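A, B, ... follow the sequence lines: proteins, then strands. Residue 1 opens every chain. Keep in mind the model is a prediction, meaning the values are calculated, not measured.
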Amino acid sequence: MNLFDNLNPMQREAVEYTEGPLLLLAGAGSGKTRVLVNRVANLVQKGVRPFNILAITFTNKAACEMKERIETLLEGTGGVWVSTFHSLCVRILRREISKLGYDAKFTIYDADDSQRIMKQVYKEHNINEKLLPVKAALGAISRQKDILVTAEQFAREAEGDYQQRQIALLYDAYQRKLKANNALDFDDLICKTVELFDKSPETLERYQNRFIYISVDEYQDTNFGQYRLVWMLSRKNNNICVVGDDDQSIYGWRGADIRNILEFERDFPGAKVIKLEQNYRSTKTILAAANGVIQNNVKRKDKELWTENTEGSLITHYTAETDLEEAGYVVDEIVSRAAKAEKYKDFAILYRMNAQSRLFEDRLVRENVPYRVFGGVRFYDRMEVKDVLAYLKALYNPLDDISLRRIINVPRRGIGEESVARLEAYAAEMEVPFYDAVCSWDEITGLPYNGRRVKDFSELLKLLMEDAATRPVTEILDNILKETNYVNELLTAETDHDMAKERVANVMELTAKAAEFKRQAEEAGEEATLAAFLEEVALVADIDAYSEQQDAVALMTMHSAKGLEFDNVFVVGFEEHMFPTSRAIFSASPAQLEEERRLCYVALTRARKRLYVTSAVTRRFYNEQVYNSPSRFLKEIPKELMRAIKSGRPVSAGAERKATLSHVQDGYTKPRTPPVLPKPKTGPPDFSVGNYVNQKKYGRGKVLDIKPAGADYEVTVEFAAGVKKFMAHLSNLERVE
DNA sequence: CTAGGATCATCAATT
DNA sequence: ATGATCCTAG
């Protein structure tokens, strides 16, 4: 097997260059995964033990794919450590975390768990959620963790500013509570690993000796903590290869720091830089469009992708009257193209927000088109799935109050708020975990039913725990369902029958997933322990489930689409305020808009052959009818690359296209549920600049500006609460004196 | 204590 | 529009 066949000179150089720091600037579709895989294979062929190679990826899916490709290439040489940052850290921490005073059986808390913890903190400190929303506090803390600032450090810096001091207090209390529950949140996984290496140089050295060659994919999306971790691990051997594209950095809001890639050469002296600029994925047209957009960003490394692929077809820009019609066009186009021998799995619909998927789903169902939605409410976030998982978590780590409190009255067993409050008070007074309070039910006065209900619950827990230590996760799960009768509870408690059935189906799917997990573990010669299952479940992303096996249209956000490619891509909702979002438009700093533009670049470059962008003149958004103009990014795509179609009437197209489109129109002359549109009145509003108006929500305000927008007028009004914009005829603005 | 109705705020992207 | 929280009656 020659690893260098069919590689271009740049790719070949990257595969060959194995010693010392290497920065691979790899544009979209430039074959970087191939380079990474071949590079690892090259190392192994040179005699490096797979055991000594670490490859970090962004998603579990990417990790699996890479592992498979390496194993195929090397015919079954396992042992290369391929994982995401988070799973790498968990594996290290499971072995080493006792050095930081945590128990090795720590639980990983997701965003929902974190929120519950924080709500408890608010309660204990009597802090008003209105003054500082829980989400805002958690966000602020998360940003600090991203840059490895501890609660103590933050408290020192926060002196003076009241809001900051408040956050410092919350950060500290939140962290203590996590510790008491023997739990880590997502950010902690990274921070604690860095902390561990800081505190224990000999531990760090062990891992440095183990990971002699390290590569990091999607380096543009790493945050400071992750950068620091990589830096520490690679310091000794200095064999670090990072791959990234500053134009595809789309996780700034999550703390990703584009400087990591821009300053790599400074951080790792003597670094070699190789650029991969040849694109193998898209047509010339698609690439030119993407380049046209991204070149409007100021902050970027200079480079331009090119391709030897064909020109391909023009990009279609479809302007629909309504969001409903937009969905109709997209789905009908998919149906008609699929009829011409294309597979459903060759189509993707990409949107900015998960909420946009609904209309497309409705339409796909109606046309009997198989599809899969990624993202949105994750499977593991479903209420019923979380309930069952909470049992598993509580059995595994009895210190995990959050999980224990979640299940104490699920299914209903007559332990309500009152009882929980008593237990809590006891736990606080005796300074013991909540679980101990449950077990000490006989010492607590004032429990309803003489503590009988709590007693039963504590006995149930003990019974389940007996098995939990030794049995495989599948049996533990079956046992929980049997002893609690949870499924039955779902069926009786839920008033909505379809909903109940769906919930039961989800629980069943969870047991199926556990079974599948057990099968895989046994195949690998491992045990399907509770610990391993919980870990897997905590760190999966929805996109990890994406598979090309299923012939189904893929629906996902542009963020989720990163790293994927499709023959035909529809980028929908291509409008101001949708994409770029209002937040980015009104943001004071241009950075947010630049990130939106990079997201646009990512979205456009997902397409191999055909690219569609669609916009609607009007749509329902947060339960309001809004009128948006086409996205500014549309103007950044060179006009000659596009074919514009408005409301079912091709501006320039052949007969074949017309046939398709009349089909679209038919769907709309007799829609099953006619779109309810307000009748836009015409004419200017009955007030002018300088007048005062009244608005339901914001009260009295002064009109600053009125300008035509489609059939209506956009009115800018200054209220006490700030400057807001409205569509004149939709927003019930009344002139007042 | 629980169930069910009323009221209220919220509304990006994710490991 | 939806989901979370609050409130009242059994």
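Between A:R620 and C:dT2 there is no side-chain N or O to OP1 or OP2 distance below 4.0 Å. The phosphate of B:dA13 (OP1 or OP2) has a side-chain N or O of A:N354 nearer than 4.0 angstrom. OP1 or OP2 of B:dT14 has at least one side-chain nitrogen or oxygen of A:T557 nearer than 4.0 Å. Close to B:dT15, at under 4.0 Å from its OP1 or OP2, lies no side-chain N or O of A:S87. Look at A:N409 and you won't find any side-chain N or O under 4.0 angstrom from OP1 or OP2 of B:dC1. At least one side-chain nitrogen or oxygen of A:R412 sits closer than 4.0 Å to the OP1 or OP2 atom of B:dA3. Residue A:K61 places no side-chain N or O under 4.0 Å from the OP1 or OP2 atom of B:dT15.
Between A:E195 and A:K192 there is a salt bridge, since a side-chain N of the basic residue sits under 4.0 Å from a carboxylate O of the acidic one. In summary, A:R620 and A:E624 do not engage in a salt bridge, as defined by a charged side-chain N under 4.0 Å from a carboxylate O.
Between A:L359 atom CG and A:D323 atom CG the span is 5.0 Å, to the nearest 0.5 Å. The structure places CD1 of A:I407 at 9.0 Å from OG1 of A:T484, a figure rounded to the nearest 0.5 Å. Atom CG of residue A:D257 and atom OH of residue A:Y219 lie 9.5 Å apart, to the nearest 0.5 angstrom.
Sorted by first and then second residue, the salt bridge (charged side-chain N to carboxylate O under 4.0 Å, His left out) pairs involving residues 107-120 of chain A (not counting sequence neighbours) are A:D110-A:K386, A:D112-A:R116, A:D112-A:K386, A:D112-A:R406, A:D113-A:K386, A:D113-A:K393.
Between A:M353 atom CE and B:dT10 atom P the separation is 18 Å, expressed in whole Å. Between the NZ atom of A:K123 and the P atom of C:dT5 there is a distance of 10 Å, rounded to whole Å. Distance, A:L184 CG to B:dT15 P: 19 Å, rounded to whole Å. Atom NZ in A:K135 sits roughly 16 Å away from atom P in B:dA9 (whole-Å rounding). When the P atom of B:dA12 is taken as reference, atom CZ of A:F374 falls 22 Å away, rounded to whole Å. Rounded to whole Å, atom C1' of B:dC11 lies 11 Å from atom CG of A:N623. We find that NZ of A:K119 is positioned 8 Å from C1' of C:dA4, with the value rounded to whole Å. Across the protein-nucleic acid pair, A:R143 atom CZ and B:dT14 atom C1' stand 11 Å apart, rounded to whole Å.
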Worksheet item: Under a cut-off of 3.5 Å for both distances of each Watson-Crick or G-U pair, what dot-bracket string does DNA chain B give, using [ ] for crossing pairs and | for inter-strand pairs?
Response: ||||||||||.....
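Heavy-atom contacts from other residues, nucleotides or ligands closer than 6.0 Å to CZ of A:R94 number more than 12.
Between B:dA12, B:dC1, B:dT14, one nucleotide has an atom nearer to the side chain of A:E418 than all others, and that is B:dC1. Set against B:dT14, B:dC11, B:dA3, the side chain of A:Y622 has B:dC11 as its closest nucleotide. Among C:dA1, B:dT14, B:dT15, the nucleotide with an atom closest to any side-chain atom of A:H86 is B:dT15.
Nucleic acid contact class of A:E596 (heavy atoms, under 4.0 Å, all strands): base. At the heavy-atom level, A:I415 lies under 4.0 Å from the strands shown only through sugar-phosphate atoms. The residue A:Q592 sits close to a base: some heavy atom pair falls under 4.0 Å. Backbone-only contact: A:Y251 has heavy atoms under 4.0 Å from sugar-phosphate atoms and none from a base. Using a 4.0 Å heavy-atom cutoff across all strands shown, A:R598 reaches no nucleic acid atom at all. A:T59 comes within 4.0 angstrom of no nucleic acid atom, judged by non-hydrogen atoms across all strands.
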Practice prompt. Determine, stepwise, if the pair A:S215 / A:V243 fulfils side chain to side chain contact (heavy atoms under 4.5 Å, CB included).
Written response: CA-CA 8 Å; A:S215 69; A:V243 188; 5.8 Å; no
Item to complete: Give the C-alpha distance, both sets of side-chain angles, the deciding distance and a yes or no for side chain to side chain contact (heavy atoms under 4.5 Å, CB included) between A:R503 and A:M383.
Response: CA-CA 8 Å; A:R503 290 194 194 279; A:M383 184 258 280; 3.4 Å; yes
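Aromatic stacking is marked for A:W253 over B:dA13, as both cut-offs hold: 5.5 Å for the centres and 30° for the planes.
B:dA13 and C:dA4: their P atoms are spaced 16 Å apart (whole Å).
Of the residues near DNA chain B, A:V540 and A:A584, the one whose nearest nucleotide (by heavy atom distance) lies more toward the 5' end is A:A584. Closest-nucleotide positions on DNA chain B for A:R352 and A:T84 were compared, and the one nearer the 5' end corresponds to A:R352.
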